[in-house]
Amino acid sequence: MASVRFYLKDSKSIEPSSIFMVYEIRPKAQLKFYIGQKILPRHWNKNAHRPTKGAQYRQLNILLDKITLIIKEEVLNAKIAGKILSVSDLKNTLGRRLGNPRNDNAGKPNVNSFIEQLIKERKSSPEFSDSTIKTYRTVSRIINEYQDPIEFEEISIRWRDKFVSYLYNVKGCDINYASVIIAKLSSFLNAATEDGINENLAYKKKKFRVAEIFSPKPYLNTDEIRQLVETKYEFVRHKNAVKLFALDCCIGVRYSDLAEVDFLRTSEVQGRKVYKITTSKTKTDVVIPYNPLIDQLLEDGPPRKISNVKLNLYIKEAAEIAGLDNPVEKISYPKGVLKKEKLPKYKLITVHTARRSFATNMYLAGVPVRSIMLMTGHVSETQFLKYLRISQEQNAILVAETLDQ
């Protein structure tokens with residue numbers, strides 16, 4: 001049986017600090033329980049996990065012994081009954097037997113149930129898009145697969161390290177996907193803190209985050225877009241996929257918005273044709289100038305809308321047929337380890353490559369960053385700059401041309 005240990009919330013304080021108990025029922029299931037007592041840190045023996053000797057702490061030591069005995073009894077009873085003891089069950093039982101309602105968590109949500117409730121609330125709110133809710137559900141599923149239930153008090157840097165190891169070694173996540181999952185988990189925990197449900201602020205520590213690492217992804221320059229558009233395709237699925245993809249290279253919206261755009265319906269601003277779109281993710285109104293290539297793409301009518309998955313598949317096939325096979329370096333971080341490989345460009349083209357191509361080609365054409373952001377709907381320049389895919393050589397030329405002026 002694992003040891004029952006007692007700690008101080010702040011062992012360096014000059015004021016009395018709260019005492020809490022830690023017991024690991026099994027790997028990934030740790031109970032953290034505040035006993036409702038405080039003590040001056042200078043009167044606490046760190047090695048013994050108990051108060052220093054003295055008659056004044058006789059009653060406190062009796063309480064700690066009682067807690068230890070209750071834990072051992074409950075664990076033994078669960079083993080005899082063949083029951084899997086959960087953190088919340090043990091915590092509720094301990095609180096009830098000690099007559100301490102503050103620690104009786106009956107009816108109080110754990111991390112898993114709080115996330116589920118939060119998703120339900122946000123799903124009914126117009127502030128959160130379907131794609132955002134889908135991301136929330138994915139993160140929630142991964143968290144539940146790792147551990148259910150998770151008590152708010154269990155969250156720590158050590159817990160985070162084990163969870164990240166699980167993301168790498170069991171789920172096969174790369175470092176940037178792990179970064180997204182930890183960031184979403186932190187946002188859920190922050191919401192619980194704001195609601196007064198969570199008092200554990202371990203998630204706010206810098207060490208809790210997984211730093212995102214820039215991984216270069218390809219874009220198509222204007223010549224490559226033309227090459228893709230002007231290639232003759234045998235199958236309708238490739239023709240339609242190219243039309244959809246190329247149209248997005250002209251307007252640069254997310255696929256969730258691309259599927260809703262009526263390409264035959266334009267507006268006018270001072271005699272110039274534009275598309276006026278309200279983005280589904282950020283609810284931002286954007287105005288995008290009409291690209292002359294759109295006329296060619298719509299000669300035989302607008303494209304047929306297909307799923308993101310199908311477009312990802314068909315555009316790769318079409319790009320291979322079009323000969324977009326120049327070698328491109330792919331950099332990834334599976335399990336947090338750097339991996340470099342050379343792949344033909346068509347294998348790395350996705351639906352999102354179109355939006356990236358729109359932003360990069362606009363930038364290379366000399367359009368100011370702020371103007372491009374007004375078209376892509378980005379609020380944060382940091383997030384927008386991730387879309388730009390220019391080499392150091394291209395950047396040097398752009399700077400030189402600016403200096404020449």
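Note that this is a predicted model, so its numbers are computed, not measured.
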Tell me, yes or no, whether the heavy-atom count around I84 atom CD1, taken from other residues, nucleotides or ligands under 6.0 Å, exceeds 12. no

Heavy-atom neighbours of I80 CD1 exceed 12 at 6.0 Å: yes

Measuring from atom NZ of K273 to atom CG of D295, what distance do you get when rounded to the nearest 0.5 angstrom? 5.0 Å

Between the side chain of K305 and the main-chain N/O of V261, is any donor-acceptor distance below 3.5 Å? yes

Heavy atoms of Y233 and A322 approach each other most closely as OH-CB, 3.7 Å

Answer yes or no: are there more than 12 heavy-atom neighbours, outside K134 itself, under 6.0 Å from its atom NZ? no

In terms of side-chain geometry, is the basic nitrogen of R96 or E74 positioned less than 4.0 Å from the acidic oxygen of its partner? no

Looking only at heavy atoms, the pair that brings I157 and F208 closest together is CD1-N, 3.8 Å

Yes or no on side chain to side chain donor-acceptor pair (under 3.5 Å) for S165 and N169, after CA distance, side-chain angles and deciding distance? CA-CA 6 Å; S165 178; N169 299 309; 3.1 Å; yes

Could you tell me the separation between the NZ atom of K66 and the CZ atom of R97, rounded to the nearest 0.5 Å? 8.0 Å

Any R50 side-chain heavy atom under 4.5 Å of Y57 side chain: no

Would K91 and E154 pass as an ion pair if we require N to O under 4.0 Å? no

Work out which heavy atom in I288 is nearest to a heavy atom in I251; give both atom names and the distance. CD1-O, 3.2 Å

Is there side-chain contact between I197 and F152, with at least one heavy-atom pair below 4.5 Å? yes

Would you say the side chain of L98 lies within less than 4.5 Å of the side chain of I70, judging by non-hydrogen atoms? yes

Check A211 against S179 and note the closest heavy-atom contact, atom names and distance. C-OG, 4.3 Å

Main-chain N/O of T52 paired with H43 side-chain donor or acceptor, under 3.5 Å: no

Check: T279 main-chain N/O paired with T284 side-chain donor or acceptor under 3.5 Å: no

Examine distances only and state if a side-chain atom of D248 and a backbone atom of F358 form a donor-acceptor pair shorter than 3.5 Å. no

Find out whether I19 and L60 are in side-chain contact, i.e. whether some heavy atom of one side chain is under 4.5 Å from a heavy atom of the other. yes

Given 3.5 Å as the limit, does a donor-acceptor pair link the side chain of N240 with the main chain of V236, or not? no

D89 (side chain) donor-acceptor with L85 (main chain) under 3.5 angstrom: no

Compare every heavy atom of L228 with every heavy atom of A319, then report the nearest pair and how far apart it is. CA-CD1, 3.8 Å

Please check if the number of heavy atoms outside K310 that lie under 6.0 Å from its NZ is greater than 12. no

If you define the side chain from C-beta out and look only at heavy atoms, does anything of V87 sit under 4.5 Å from N110? no

Please confirm whether the backbone N or O of H352 pairs with a side-chain atom of T350, one donor and one acceptor, at under 3.5 Å? yes

Backbone N/O of S186 and side chain of N190: donor-acceptor pair under 3.5 Å: no

Residues N361 and L220: closest non-hydrogen pair is ND2-O, 3.0 Å

Would you call the rings of F163 and Y166 parallel, tilted or perpendicular if under 30° counts as parallel and over 60° as perpendicular? parallel

Salt bridge (Lys or Arg N to Asp or Glu O under 4.0 Å) between E199 and K9, intermediate numbers included: CA-CA 12 Å; E199 297 179 356; K9 183 177 182 180; 5.7 Å; no

Steps toward side-chain contact (heavy atoms from CB on, under 4.5 Å) verdict (V369, Y363): CA-CA 7 Å; V369 166; Y363 183 76; 3.7 Å; yes

So CD1 of I39 and OG of S18: to nearest 0.5 Å the spacing works out to 11.5 Å

Please determine whether a side-chain nitrogen of the Lys or Arg among R141 and E145 lies less than 4.0 Å from a carboxylate oxygen of the Asp or Glu. yes

With no hydrogens and no angle check, is any side-chain donor or acceptor of K243 less than 3.5 Å from a backbone partner on G301? yes

Taking side chain as C-beta onward, heavy atoms only, is F33 less than 4.5 Å from I71? no

Can you tell if the side chain of L118 reaches within under 4.5 Å of the side chain of E121, non-hydrogen atoms only? yes

Any side-chain donor paired with an acceptor under 3.5 Å for N61 and D65? no

Taking the side chain as every heavy atom from C-beta outward, state whether R226 and Q296 have any atom pair closer than 4.5 Å. yes

Would you call R137-D130 a salt bridge at under 4.0 Å N-O? no

Could you go step by step and tell me if K38 and D10 meet the salt bridge (Lys or Arg N to Asp or Glu O under 4.0 Å) rule? CA-CA 10 Å; K38 292 184 178 183; D10 187 357; over 6 Å; no

Using a cut-off of 6.0 Å, state whether more than 12 heavy atoms not belonging to R122 lie near its atom CZ. yes

Under the side-chain hydrogen bond (donor to acceptor under 3.5 Å, both in side chains) rule, collect the residues that match up with S131, sequence neighbours excluded. S129

Determine whether Y136 and F188 satisfy the following criterion, ring-ring contact (aromatic ring centres under 6.0 Å, His included), listing intermediate values before the conclusion. CA-CA 9 Å; Y136 286 167; F188 294 147; 5.3 Å; yes

Quick check against the 3.5 Å criterion: does T360 have a side-chain atom that pairs as donor or acceptor with the backbone of S357? no

Around atom CZ of R265, are there more than 12 heavy atoms of other residues, nucleotides or ligands at under 6.0 Å? no

